[in-house]
Number of protein chains: 2
Amino acid sequence: MLTSKVLRNRTTELSDAERDTLECALSQTRTFAAGQLVVRQGPPVDVSTLLIEGLMSRHVDAPDGRRHLVAVHVPGDFVDLHAFPLKRLDHDVGALTPVKVAIFTHASLERLQKDDATLMRRLWFLTLLDAAMHRQWIYRLASLNAIERVSHFLCEMNARLLAIGSSDGSEFSLPITQADIGQVCGLTNVHVNRVLRELREAELCHVRGSRVRILNLSELVKKAYFDPAYLYLAPSIAARAAGRSGETHD
Amino acid sequence: MLTSKVLRNRTTELSDAERDTLECALSQTRTFAAGQLVVRQGPPVDVSTLLIEGLMSRHVDAPDGRRHLVAVHVPGDFVDLHAFPLKRLDHDVGALTPVKVAIFTHASLERLQKDDATLMRRLWFLTLLDAAMHRQWIYRLASLNAIERVSHFLCEMNARLLAIGSSDGSEFSLPITQADIGQVCGLTNVHVNRVLRELREAELCHVRGSRVRILNLSELVKKAYFDPAYLYLAPSIAARAAGRSGETHD
DNA sequence: CGCTAGCTTGATCTCACTCAATAGCAGTGG
DNA sequence: CCACTGCTATTGAGTGAGATCAAGCTAGCG
């Protein structure tokens, strides 16, 4: 089921009926190659994109041509649902890896809104989850230093992938480059590399290529000042993501 | 009219009828002193707060006790409307100055949602406007240096105050401390002070106490890489906020 | 096999932080 | 009225985290 990862293991869950309703509203699926731009900033849009497989990013292009990530998306994320009320985007949407997406026309979403107010509020919830993550990114950039920022990002990805069953709580695949991590954390690729080495030497976390292995989650969480409350996870998942509950493979 | 500044001068406007409907749904108004906490992170909430007068902030408290701003709100902002779908907040909400607010119970908003789907989508739009600002704050922190960040923040506040008629396009009141600006821009109060001096010496912008006087908007906009697209302003206001249209008092 | 993208490490530099001291200004109480 | 307190603003000197520049390494791939 294409929508099986939407709002999975969150404080707000979709019922099976709602999942069905949503599934019926989608108009098609598409694939994109890594690096492709999926939605461009500016012009009016009349569809929204649900990520099924792979990783996507949202980024603003700086005037000097450098791009900066403002969000990273995992399967089950409704990447540009905010375009439904906003009608145009203030940033680009791209594929970080090869991706499979499902397309919803805004017309079909409008029909949904009439028929199922509760489901609509769940979708609203989804867009606000993005906003909550944005806030945490702001906090991360404004108050944490390099190693704390990278640790925080790794904890976040672990938690989000855990929620959709793509992390076992300590090991997961994160097929993005060190330069990408730099853009997320406001660091240069060179410094990201040094930080990852430091995390490796501290026996907290191994990042090799696209493989992330968290060796000591509770210590990593502590170093990152990571509190998963902002992800609105179901309590059991939140506890695991925070490294409380013996799930840490030490 | 208490809701007269809500969605004023944006790409999406409220009709007079919608403004009436909204006005009828509000349950009471309250005032808070500067520095007071209005909503606390964590516990379930069943009301949302519309800012009528004054400035408010949203902030996360770092474990070391320091607080970091993730949003600054001006009159007409629905400060914690996101609590309506989310049901609890992942951050605190406080008054930066003495404020007057209007309270909406979530029960009354639910009634609204049933009766007026269009108005509801406008409110959804409002929460996404916050998210768009969050994204720009991320960009600001990750890619701009100190003077660019402060300039960008001043351009943003000018634009937002312009939209609600509280800036004439070059001069406005911003009753917050240099330390507050530091928390917004991820800088120390000391460095904010130096940056403001630099802006003064460059004849770009005078900030004295709570008075901000922009001397050369188009140059300030350029230095800050400021593009007001993310504020979804009505075209004429956007042009003025971007310093294009002879509104610059040089 | 050569090419390119990504990773790794070293040397140097600089922007912003830290620490510290002073000045201005409002409020408060004697 | 002035002394006192506390908060905000201002300026200087020294320091350090992370950027920049540069070079070598590794691995996938046509």
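Keep in mind the model is a prediction, meaning the values are calculated, not measured. So that the names make sense, note that chain A is the first sequence line, chain B the second, and so on, each numbered from 1.
Counting non-hydrogen atoms under 4.0 angstrom, A:Arg208 reaches the backbone sugars and phosphates but no base. Among the protein residues, A:Gly186 comes within range of the sugar-phosphate backbone only, with heavy atoms under 4.0 Å from sugar or phosphate atoms but none that close to a base. Across all strands, A:Asn189 comes closer than 4.0 Å to no nucleic acid atom at all (heavy-atom distances). When heavy atoms are screened at a 4.0 angstrom cut-off, B:Arg197 is found touching the sugar-phosphate backbone but no base atom. Contact annotation for B:Leu196: no contact, since no heavy-atom pair falls under 4.0 Å across all strands.
Between the side chains of B:His206 and B:Arg200, no donor-acceptor pair is found at a separation under 3.5 Å. Counted by atom type alone, A:Asp130 and A:Thr127 present zero donor-acceptor pairs between their side chains at under 3.5 Å.
Note on A:Thr188: a side-chain N or O is less than 4.0 Å away from OP1 or OP2 of D:dA19. An OP1 or OP2 oxygen of D:dC7 is reached within less than 4.0 angstrom by no side-chain nitrogen or oxygen of B:Gln178.
Note on A:Arg194 versus A:Glu198: no salt bridge recorded, every NZ/NE/NH1/NH2 to OD/OE distance being 4.0 Å or above.
For B:His191 and D:dA17, the NE2 to P distance is 17 Å, given to the nearest whole Å. Between the CZ atom of A:Arg149 and the P atom of D:dA17 there is a distance of 13 Å, given to the nearest Å. The separation between A:His206 atom NE2 and C:dC7 atom P is 17 Å, rounded to whole Å. One atom, CZ of A:Arg211, and another, P of C:dC7, lie 16 Å apart when rounded to the nearest Å. For the pair B:Ile181 CD1 and D:dA9 C1', the computed distance is 12 Å after rounding to whole Å. Nucleotide D:dA17 holds its P atom 12 Å from the CD1 atom of A:Ile147, rounded to whole Å.
In this structure, B:Thr177 and A:Leu144 both approach DNA chain D, and ranking their closest nucleotides by distance from the 5' end singles out B:Thr177.
Rounding to the nearest 0.5 Å gives a distance of 4.0 Å between NE2 of A:His134 and CZ of B:Arg135. Between atom OG of residue B:Ser173 and atom CG of residue B:Leu161 there is a gap of 8.5 Å, rounded to the nearest 0.5 Å.
Closest to the side chain of A:Arg194, out of C:dC17, C:dA11, C:dT8, is C:dA11. Picking from D:dG18, C:dA11, D:dT10 the nucleotide with the shortest atom distance to the side chain of B:Asn193 gives D:dT10. Of the candidates D:dT10, D:dT20, D:dA19, D:dT20 carries the atom nearest the A:Val190 side chain, counting heavy atoms from C-beta on. Candidate nucleotides D:dA9, C:dC17, D:dG18 were compared by shortest atom distance to the side chain of A:Asn145, and D:dG18 ranks first. Out of D:dG18, D:dT10, C:dT8, the shortest distance to the side chain of B:Arg200 is found at D:dT10.
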